[in-house]
Amino acid sequence: MADVITYREAVAEGIAREMRRDAAVVCLGEDIGAAGGVFKTTAGLIEEFGPERVWDTPISEQAIVGAAMGAAMTGMRPVAEIMFSDFLACCWDYLANEIPKVRYMTGGQVTVPLVVRTANGGGLGFGAQHSQATENWALTVPGLKIAAPATPADVVGMMAAAIRSDDPVVFFEHKGLLAAKGAPAPPDHVVELGRAAVVHEGADVTLVALAAMVPLALRAAALLAEEGVEAEVVDLRCLVPLDMRTVLASLARTSRLVTVEENPYQGGWGATVVSVVADEGFGLLDAPVRRVAGECVPLPFADALEERVIPTVDKVVAAVRDLTAY
Amino acid sequence: MADVITYREAVAEGIAREMRRDAAVVCLGEDIGAAGGVFKTTAGLIEEFGPERVWDTPISEQAIVGAAMGAAMTGMRPVAEIMFSDFLACCWDYLANEIPKVRYMTGGQVTVPLVVRTANGGGLGFGAQHSQATENWALTVPGLKIAAPATPADVVGMMAAAIRSDDPVVFFEHKGLLAAKGAPAPPDHVVELGRAAVVHEGADVTLVALAAMVPLALRAAALLAEEGVEAEVVDLRCLVPLDMRTVLASLARTSRLVTVEENPYQGGWGATVVSVVADEGFGLLDAPVRRVAGECVPLPFADALEERVIPTVDKVVAAVRDLTAY
Amino acid sequence: MDTADLSTDTAELLALYEQMVLIRRTEKAAHDLFLQGLVKGTTHLAAGHEAIAVGASAALRADDYVFATYRGHHHAMARGAGPEECLAELMSRATGLCGAKGGSMHLTKAATGMLGSYAIVGAHLPMAAGAAWSARLRGTGQIAVAFFGDGATNIGAFHEALNLAAVWKLPVLFVCENNLYMEYTPIADVTAVARPAADRASAYGIPGESVDGNDVVAVRETVARLAERARAGDGPALLEAATYRHFGHSRSDPAAYRPAEEVERWLKHDPLDIARGRLTERGVPAETVTAADERAQEAVRQAVDAAKNAPAPDPGDALTDVWADGGAAWRT
Amino acid sequence: MDTADLSTDTAELLALYEQMVLIRRTEKAAHDLFLQGLVKGTTHLAAGHEAIAVGASAALRADDYVFATYRGHHHAMARGAGPEECLAELMSRATGLCGAKGGSMHLTKAATGMLGSYAIVGAHLPMAAGAAWSARLRGTGQIAVAFFGDGATNIGAFHEALNLAAVWKLPVLFVCENNLYMEYTPIADVTAVARPAADRASAYGIPGESVDGNDVVAVRETVARLAERARAGDGPALLEAATYRHFGHSRSDPAAYRPAEEVERWLKHDPLDIARGRLTERGVPAETVTAADERAQEAVRQAVDAAKNAPAPDPGDALTDVWADGGAAWRT
Ligand SMILES: Cc1ncc(C[n+]2csc(CCOP(=O)(O)OP(=O)(O)O)c2C)c(N)n1
Ligand SMILES: Cc1ncc(C[n+]2csc(CCOP(=O)(O)OP(=O)(O)O)c2C)c(N)n1
Ligand SMILES: [Mg+2]
Ligand SMILES: [Mg+2]
């Protein structure tokens, strides 16, 4: 086993492990076969599993996700790729109205064990239509599980849990992390969906982050430590199930909360976290809650502009400084 | 002028006033012509303005909203109808990726003055795919204005503002209010977007509501008054621009906040309101913040089930009682 | 004459006829119950469309998959749902097909391969392609059939599903129930070709056929032929079945937008009449047909009573069945 | 020979040639700048597709509308954008066409009717229909043209736009640049018909034509004819222009998935060569052509320099231009 693997390799590895384990797992998406995916996150799959398990599709997001749904109802465990998470909008009916509702509206008759994987997030200068962090879109719809790993090992472990889940899972792979390296996942690694992780301990403030915001929060924590501020960093890992228990437990230690979100402030997931805290954790709070989130604008192309509108280490540090001064 | 008009009539009236004023205003949508719309919210338009200004479309939500966008870029002020707000998912790419972004990503070269009108909300036993309150979907996307009137006069006044706006507006007409009656709008009535209204004054708690939740909050306020609890009811009217100034001002008087939202708790708009309050209004709060929102499930068909999952007067009263006991 | 004396073919036709009458009676009951306020929300009745559901179902294997629309009562029943569980669903009873969570627009009987009724136009077409893909992957020889309206042919999902099904040579049939109208707008006003479904088949390089959708025998034969082709691995087909709805689009719509002459002409071309004519041609006595009518009528009468007497769902059920574990928890 | 001595036709052809060379040189510069790290994000170069943009533009009125894709540099330039403002946009300069907010995928020059480059496949097709609808409503005689790839023919928006345009008889042309591949997958592997665009025209009852997309004269003539038809009120048309991209799909993709023989064949069928051939046929001396080449080369050299020297955008600009009032405020 390699010493480290990339997040990108972990995606393919995570899928491959499940395909080896379960013949019902099949993949479909644009350019995922011979091309190995435009992000190379399906590299090697067609070579190992052949074209009967790895299917190239037309540019037809509705057909991709709709077909995955039909297959999931009838005994398969499809893993559908939507190339960029922005394009979830092109098949939103399936994510919003069909997949999360069919079990409920049939009184439990139909189950859809599928995974929709997608490359999420910005910071790479891809502009307004290829850079969004859209995990908050999925959060508006009850009935979807939402996974967004931050490390290669979590990618593998959460992919296993997602594919084995009998519920539909939207799996956000962060474009900004694809080249990031980390420890490989041990054999049979499964990370249960809905378990947040305290990835850095600290007594002064809780930073709640997701995906690419986790390493960013960790860098902020390191800087803050130099100033004597001990930040605890919680990697949520999933938005649904949302592990509020871990967040509230951390808050009980720190009494201060900052969410670090890439999605825009308006309608962002941090708002839901904060609203639970403002209700159930009100008595724990010693200071206002702050959200470091994307600005409420489309994402601009130029680095200098993009940097201005997405969270940065500096913005997180500044928000924490502000709060600890409260 | 009639003594009272229905919310339904107000929609057609609001559109007609603008069509009379401005030849650039044209309507398109499914069954909006001779049929007058499935909710009769475009009744009379084709008779008054003819088929060159009121266009029946195929069942092609992408074409409807996409064509509206193209027309808006080129000198028209289209008013597109998406029959049920659930179907926004069928043209979500336009609402999420195209319309709200094109001005920004072209550096301000292109402007899209259009309105997408849609029937929103539940309580009528239409089941999982025809009952959702989807205003929170729109809130996840910067670049859309979001209007959701609660009274006939506001329908007319906000429709005028929406159609005259040079920005794209998603206009949510609540199905549960269509038959509701109210004072007609005076001539030339315009309600500026982004101005919340305090529709009932009270010193003990602020209820922030939208659309059909406004009369519900008012009924709750009436019941609470009998118990000696004075609830202030804020009708947000718009989610974007979001009138936090009015909310915070009310909170300064009451020190307690309950949001009343029809959309699901997870990812609901109340979370954004609460997160602003938990930051900027933290010092004003004397008690936890509570959100009365839809349960995080698809909407069930049967009345007895639907009642269980959407906000009711009883749930609002219970939430307020709880808080005032804090 | 006892039905045992009929030739197999004729006995089968009589059975199909009786099934159609059962559906018609159930639809009529649904309409009456709606007007009485016992059915909430909405209904989209398929009275007039019975031959398509019954004829197609007769041509399918028991394990084939069917996907229908909000106008789907006939498909649920043709795939084995009884009038009681259907009406109970419409009447918000716990004994309804979907436990009263679905309602009229979402009748589903997964146990018999009727995988749902979908209320967003066209959304189920890719799903049917996916079920066919699954059958192909599992090598079961099953096929999938998606029924949809003429109006659905103009939505994007139609195009994507057809192309995918053709490229992947999936065993799926797309059956359009062309009743000439979307809700209130004539389909011809909003569609670029005369036959909204069949005239699009060439864009996917697949067969596009038309059939009299009110003739249960013609439907059965055509679907059987296309199903065999699909099962043999020759790929999907598009079938356009001409029909007409007897009621309005939904609820109590009087369908005043339809010319009287057109309505009259179509009511004369009724699927039950056509089947009855065929039975008569084959020498089935009038009493035998009437007996079938009466059995259906009685079955529906009993179903209405039973549904009326069935219990309402427990409000607590509103919080079950989101997840496969039966629950609805979205957070810890 | 001075260009003033050429016949009008030949002078125009020479001008089109020079425009194509200018685009080719700009694309080459963009590629080099990307490899040097001076262009961030991504590029989708249209080298090889020049004749479609230049030929079509030459057939349009100055006030017609054009909608393009992320592979849209050639369309922006054919509609009058200069190499400097294009390259400045790619290089994140304040002087870029979109103030560096758009980037390579979103070149737009609204002032000359080039209403944008859209990076979600197929999304702009309904917009073009809408612009044509607007022209019809305003009675201006304008038309709209949407350019898109072969891969876009399989997405739902394509179907919806084409049907709407046909039903409403809109003055819009849909021009497919069929370069045989979506990103890395051959279009034939995922499309049910041989000609992904032209073979779909019959599903909308509109003309579907093919043209050699590398022959600027053929493109201009065909577009002129279809444009005239559209302007006369005879409705939309679908044109499929065969072409090939010289670079990979995007960024530094080496396009290794394309057979060498295929690449070679297409590189020999280069739009610049074809135009040069036609100029020679018409007796234009080699020096005249070379002079055009050199002018283009020099213009691009200067554009690169100017773009390199242009200022970066002010970070504060990130918070402008969301709303028509110029701002970005979403709350009070
Ligand atoms: C995507 C979408 N758009 C609009 C509707 C509203 N709607 C419901 S039924 C219907 C007409 C459908 O016509 P058709 O497909 O011909 O089926 P029919 O009702 O005639 O059986 C419409 C427009 C919908 N349910 N879904
Ligand atoms: C809806 C959508 N799906 C997928 C993509 C990713 N994507 C970008 S370009 C492309 C290939 C497009 O092929 P084609 O239409 O032939 O145009 P070409 O790039 O060859 O000019 C794909 C799949 C996208 N941008 N939008
Ligand atoms: Mg119809
Ligand atoms: Mg291509």
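A note on names: the letters A, B, ... follow the listed sequences, proteins ahead of strands, and every chain is numbered from 1.
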Novice: Which of these, C/Leu173, C/Val219, C/Ile52, C/Val223, sits in a side chain to side chain contact (heavy atoms under 4.5 Å, CB included) with C/Leu239?
Specialist: C/Val223
Novice: Over 60° means perpendicular and under 30° means parallel, so tell me whether C/Tyr70 and C/His249 are parallel, tilted or perpendicular.
Specialist: tilted
Novice: Regarding D/His124 and D/Thr69, do their side chains bring together a donor and an acceptor under 3.5 Å, going by distance alone?
Specialist: no
Novice: I'd like to check D/Tyr118 versus D/Met127 (side-chain heavy atoms, cut-off strictly below 4.5 Å). Are they in contact?
Specialist: yes
Novice: Which residues from residues 139-155 of chain D are near chain C, with near meaning under 4.5 Å between non-hydrogen atoms?
Specialist: D/Thr153, D/Asn154, D/Ile155
Novice: Highest number of heavy-atom pairs under 4.5 Å with chain D: which of C/Leu164, C/Val190, C/Ile206, C/Leu162?
Specialist: C/Val190
Novice: If you take the centroid of each ring, where Trp contributes its six-membered ring, are D/Phe158 and C/His159 closer together than 6.0 Å?
Specialist: yes
Novice: Is any side-chain heavy atom of C/Asp212 less than 4.5 Å from a side-chain heavy atom of C/His269?
Specialist: yes
